[in-house]
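Let me begin by presenting the structure, written as structure tokens, before commenting on it.
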Amino acid sequence: MSSFSRRKLITAGLATTAGAAGLAVAGRLGARYGLVPPDCRGFYGPGEALTYAAQRIIAPHALAREFPRSMISKMPFANVVRGLDDAFHRTETAGFADWRLAVDGMVAHPLSLSLADLRSMPKRSQITEVACEEGWSYIAEWIGTPLSDVLREAGVLPQARYIVYQSFERPWWDSLDMNDALHPQTLLAWGMNDGDLPVGFGGPLRMRVPRQLGYKSVKYIVRLTATESMKGFGAGLGSAAPEAGYAWYAGI
Ligand SMILES: Nc1nc2c(c(=O)[nH]1)N[C@H]1C(S)=C(S)[C@@H](COP(=O)(O)O)O[C@H]1N2
Ligand SMILES: [Mo]
């Protein structure tokens with residue numbers, strides 16, 4: 001059976017369970033098996049919950065498509081950056097020597113990593129597409145440190161369910177479940193197309209989550225927090241996106 005028809009079947013199955021036995025039961029089962037996204041509000045977040053659950057059941061370790069070097073976009077589009085203040089431009093002028101990535105929350109060893117620390121760890125590169133929810137996209141090579149390596153170094157506790165990441169540029173922040181946080185293609189990227197990551201594309205450090213829409217790839221990352229629950233982070237929905245009407249889980 002193709003993964004597409006399996007997906008339809010499982011989605012239909014979950015929907016039937018939801019309709020027949022009541023969403024309360026589906027909700028309890030989903031919560032028990034880690035299938036409910038944090039922005040699923042009560043009853044009819046189920047659209048969100050079904051997409052998320054289907055992805056989690058069918059393809060928890062699927063890889064985003066990687067492209068040949070010849071397909072790297074010649075003139076990639078970068079969003080205009082408005083939220084960077086004088087403090088950012090001071091650290092930029094200093095070559096980001098004082099840039100630190102804090103790793104805290106449910107970890108055995110909280111960390112404060114410089115860019116040099118990150119670059120000294122094993123690196124990975126990938127040629128993947130940034131797909132914006134508005135319809136445009138581009139392909140680039142991303143070079144960075146797998147988020148999983150940073151989390152391993154910090155000793156994330158087994159109770160942690162989400163990794164929250166925060167940008168220097170307010171109010172940008174988001175979170176990933178552990179499945180996507182530990183995914184081999186999820187990078188803390190500090191390089192792009194064989195050079196440093198330009199500020200326009202999130203330099204000196206951005207999250208790259210090629211399995212989800214572009215807005216999950218938050219730029220200017222300064223803090224990672226491991227947590228068991230999204231309560232207490234913004235409105236508790238997992239990121240700023242659902243507060244603005246977008247999905248927390250933006251799988252592609
Ligand atoms: N800090 C920050 N991160 C961000 C954004 C932003 O405006 N600020 N835009 C997001 C959106 S909507 C998309 S589609 C991608 C775009 O990536 P690009 O700027 O490399 O094109 O970055 C995401 N990360
Ligand atoms: Mo976007």
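Excluded from the calculations below are hydrogen atoms, water molecules and symmetry mates; all remaining heavy atoms, backbone and side chain alike, are included. These numbers come from a predicted model, not from an experiment. Counting starts at 1 for both ligands and their atoms, in listed order.
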For [X] and [Y], test the side chains for any donor-to-acceptor distance below 3.5 angstrom and give the result as yes or no.
X      : Y      : value
Asp117 : Ser120 : no
Trp99  : Ser114 : no
Asp104 : Thr225 : yes

For [atom], which protein heavy atom lies nearest, and how many Å away is it?
atom                    : result
atom 3 (N) of ligand 1  : Lys219 N, 3.0 Å
atom 15 (C) of ligand 1 : Gly214 O, 3.5 Å
atom 16 (C) of ligand 1 : Asn79 ND2, 3.4 Å
atom 22 (O) of ligand 1 : Arg206 NH2, 3.2 Å

Just jot down the ligand 1 atoms closer than 4.0 angstrom to any heavy atom of [X], in number order.
X      : answer
Ser217 : 22 (O), 23 (C), 24 (N)
Tyr138 : 18 (P), 20 (O), 21 (O)
Phe201 : 20 (O)
Cys132 : 14 (S)
Val218 : 3 (N), 24 (N)
Ser167 : 1 (N)

Subject >> Closest to atom 9 (N) of ligand 1 (judged by heavy-atom distance), picking from Trp172, Tyr215, Trp142 >> reply: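 Nearest option to atom 9 (N) of ligand 1, by heavy atoms: Trp172.
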**OP:** From the options Arg208, Glu66, Arg124, select the one residue that forms a side chain to side chain donor-acceptor pair (under 3.5 Å) with Gln185.
**Re:**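 Single pass found, and it is Glu66.
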Original post:
Between the main-chain N or O of Phe88 and the side-chain N or O of Asp85, is there a donor-acceptor pair closer than 3.5 Å?
Top reply: yes
Original post:
So, does Tyr220 use its side chain to make a donor-acceptor pair with the main chain of Val199 at under 3.5 Å?
Top reply: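 Answer holds: yes.
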Original post:
Considering only heavy atoms from C-beta outward, does the side chain of Arg206 approach that of Trp142 to under 4.5 Å?
Top reply: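 Counting from C-beta outward, Arg206 and Trp142 do come under 4.5 Å.
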Original post:
Does the side chain of Asp174 reach to within under 4.5 Å of the side chain of Trp248, using non-hydrogen atoms?
Top reply: yes
Original post:
Does ligand 1 have an atom that lies less than 4.0 angstrom from a heavy atom of Arg82?
Top reply: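 It does not; every heavy atom stays at 4.0 Å or beyond.
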**OP:** Output, in order, the C-alpha distance, side-chain angles, deciding distance and verdict of side-chain contact (heavy atoms from CB on, under 4.5 Å) for Leu101 and Ile221.
**Re:** CA-CA 7 Å; Leu101 172 70; Ile221 295 294; 3.6 Å; yes
Under 4.0 Å, heavy atoms only, figure out whether ligand 1 is touched by the backbone of [X], its side chain, both or neither.
X      : value
Glu169 : side chain
Glu133 : side chain
Trp136 : side chain

Original post:
Just distances here: any N/O of Tyr220 and N/O of ligand 1 closer than 3.5 Å?
Top reply: no
**OP:** Can you spot which of Arg211, Lys216, Arg56 makes a salt bridge (Lys or Arg N to Asp or Glu O under 4.0 Å) with Asp177?
**Re:**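 Running salt bridge (Lys or Arg N to Asp or Glu O under 4.0 Å) over Arg211, Lys216, Arg56 with Asp177 returns exactly one hit, Arg56.
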